[in-house]
J.: 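Sharing a structure, written as structure tokens. Questions coming.
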There are 2 protein chains.
Amino acid sequence: MLHGAPYTITELAEAFEVTARTLRFYEDCGLLDPERRGRTRLYSERDRKRLRLALRGKRLGFSLEEIKEMLDLHHARPGQVTEPDALRARIEAHRARLTQYREDAEIALDWLDALEARLDRLVPGAARRAG
Amino acid sequence: MLHGAPYTITELAEAFEVTARTLRFYEDCGLLDPERRGRTRLYSERDRKRLRLALRGKRLGFSLEEIKEMLDLHHARPGQVTEPDALRARIEAHRARLTQYREDAEIALDWLDALEARLDRLVPGAARRAG
DNA sequence: TCAATATTTGAAGTTAACGTAAACGTTATA
DNA sequence: TATAACGTTTACGTTAACTTCAAATATTGA
């Protein structure tokens, strides 16, 4: 339970509110690679960090494959980067996508504000906080 | 082709870079409701706007069902809103999700910056713009 | 009018990201 | 030692959001 101790699969799953099945599935996809004591998985801080990044990527709508690519690049050693220009292009694409997402989120938030205002007009008598 | 003219299904599909089949599918889901001349669909500006909103919602990871709910609420008349408190709660949930989303996008963009910097170090000789 | 092109419907297939179930091994403890 | 709690693998099932295909029908240009 101490900080830095390896986590069991259920501990990590509960901490991140995913199922153990999901963690095993992520391992099959190459997102995680926990050590083993016998057959049992033991997750390190590194796995924890990778999982955190993976889940953020997932919330943003990236596929597990894309997430894997980014995580792998993050841990790549000099010799491993075979086509840097292609990678740069992909990073640019991701950046464009994220910028679009951020903009979409802004617009959608404004839209929600308008929607709620409209709801207030449609249903006047309702309770409202901090009006 | 003039502004405001009704669109054929292929025109609208090309304009938004989706397939015609997708537009019919969205109609089945209740997201669109084009008029008909005979059996042929004719899409209005209203459909265009709904489609734009729908695709943004999709990029943001909302399900078609959630998108439909929001679109319907957007066009709802006074009598139609049956459970305003529940709706307000859902709007709040959407807002929280979008706020998280925007934050995730920020963090991911920073992360991409760091990733690219790392790539520059791993592969030094590469071309770089506006360094 | 007639061929070429566009649109329709229905149904079945696809993919990602898991969920669910079966059958089994391992460990703690009463 | 048994029994519960947790872990494992393998394999099949599920859902959303489409795509692909087929076959019929409609529209348009010469």
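On a predicted model such as this, the values are computed, not experimentally measured, just so you know.
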J.: Show me the donor-acceptor pairs, under 3.5 Å and distance only, between side chains in residues 27-36 of chain B and residues at least two apart or in other chains.
T.:
residue	atom	partner	partner atom	Å
B:E27	OE1	B:R41	NE	2.6
B:E27	OE2	B:R36	NH2	3.1
B:R36	NH1	B:R39	O	2.8

J.: Considering only nitrogen or oxygen atoms on both sides, find all protein atoms under 3.5 Å from nucleotides 19-24 of chain C and state each distance.
T.:
residue	atom	partner	partner atom	Å
C:dG19	OP2	A:T19	OG1	2.7
C:dG19	OP2	A:T22	OG1	3.3
C:dG19	O6	A:R21	NH2	3.2
C:dT20	O4	A:R21	NE	2.9

J.: Taking only heavy atoms on the protein side, list every residue of residues 54-65 of chain A lying under 4.0 Å from any atom of DNA chain C, sorted numerically.
T.: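 A:K58, A:S63, A:L64 - these, ordered by number, are the residues of the stretch whose heavy atoms sit under 4.0 Å from the strand.
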
J.: Kindly write out the residues that satisfy side-chain contact (heavy atoms from CB on, under 4.5 Å) with B:E69, not counting sequence neighbours, or none if the list is empty.
T.: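 Checked B:E69 against side-chain contact (heavy atoms from CB on, under 4.5 Å); matches are B:L87, B:R90, B:H94.
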
J.: List the residues meeting side-chain contact (heavy atoms from CB on, under 4.5 Å) with B:L109, not counting sequence neighbours, and say none if there are none.
T.: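 Checked B:L109 against side-chain contact (heavy atoms from CB on, under 4.5 Å); matches are A:R95, A:L98, A:T99, A:R102.
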
J.: Taking protein heavy atoms under 4.0 Å as touching, what does nucleotides 1-8 of chain C look like 5' to 3' if B marks base contact, S marks sugar-phosphate-only contact and - marks none?
T.: ------SB

J.: Could you tell me whether the side chains of B:R97 and B:Y101 share a donor-acceptor contact shorter than 3.5 Å?
T.: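 Judged by distance alone, the side chains do not pair up.
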
J.: Report yes if a side-chain nitrogen or oxygen of B:Y26 is closer than 4.0 Å to either non-bridging phosphate oxygen (OP1 or OP2) of D:dA17; otherwise report no.
T.: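 It does not, given that no N or O in the side chain of B:Y26 lies less than 4.0 Å from OP1 or OP2 of D:dA17.
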
J.: Can you name the ring-ring contact (aromatic ring centres under 6.0 Å, His included) partners of A:Y26, sequence neighbours left out?
T.: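 A:Y26 satisfies ring-ring contact (aromatic ring centres under 6.0 Å, His included) with no other residue.
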
J.: Which residue pairs satisfy the salt bridge (Lys or Arg N to Asp or Glu O under 4.0 Å) criterion with at least one member in residues 51-65 of chain A, sequence neighbours excluded?
T.: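 Non-adjacent pairs meeting salt bridge (Lys or Arg N to Asp or Glu O under 4.0 Å): A:R59-B:D104.
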
J.: Holding to ring-ring contact (aromatic ring centres under 6.0 Å, His included), I want the full list of residues that pass it with B:F25, two or more places apart in sequence or in another chain.
T.: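 Here no residue qualifies.
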
J.: Quickly work out the B:F25 CZ to D:dT20 P distance and round it to whole Å.
T.: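 Rounding to the nearest Å, CZ of B:F25 and P of D:dT20 are 14 Å apart.
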
J.: Without decimals, in angstroms, what is the distance between A:L23 CG and D:dT8 C1'?
T.: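 In whole Å, D:dT8 C1' and A:L23 CG are 14 Å from each other.
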
J.: Over how many whole Å does the gap from A:R37 atom CZ to D:dT8 atom C1' extend?
T.: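 In whole Å, D:dT8 C1' lies 14 Å from A:R37 CZ.
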
J.: Do any pairs count as a ring-ring contact (aromatic ring centres under 6.0 Å, His included) and have a residue in residues 29-57 of chain B, sequence neighbours left out, and if so which ones?
T.: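 Non-adjacent pairs meeting ring-ring contact (aromatic ring centres under 6.0 Å, His included): zero.
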
J.: So, using side chain to side chain donor-acceptor pair (under 3.5 Å) as the criterion, who are the partners of B:T40 when residues are at least two apart?
T.: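 With neighbours one apart ignored, the set is empty.
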
J.: Check the distance between C:dA16's P and A:E69's CD and give it to me in whole angstrom.
T.: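 Rounded to whole Å, this separation is 15 Å.
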
J.: Give a yes or no on whether the backbone of A:E116 and the side-chain of B:R88 come within a donor-acceptor separation of less than 3.5 Å.
T.: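 Judged by distance alone, no pair lies under 3.5 Å.
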
J.: Roughly, in whole Å, what's the span from NZ in B:K68 to P in D:dA16?
T.: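 Interatomic distance, NZ of B:K68 to P of D:dA16: 15 Å.
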
J.: The criterion is side-chain contact (heavy atoms from CB on, under 4.5 Å); which residues satisfy it with A:T10, sequence neighbours excluded?
T.: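 Partners of A:T10 by the side-chain contact (heavy atoms from CB on, under 4.5 Å) criterion, ordered by chain and then number, come out as A:T8.
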
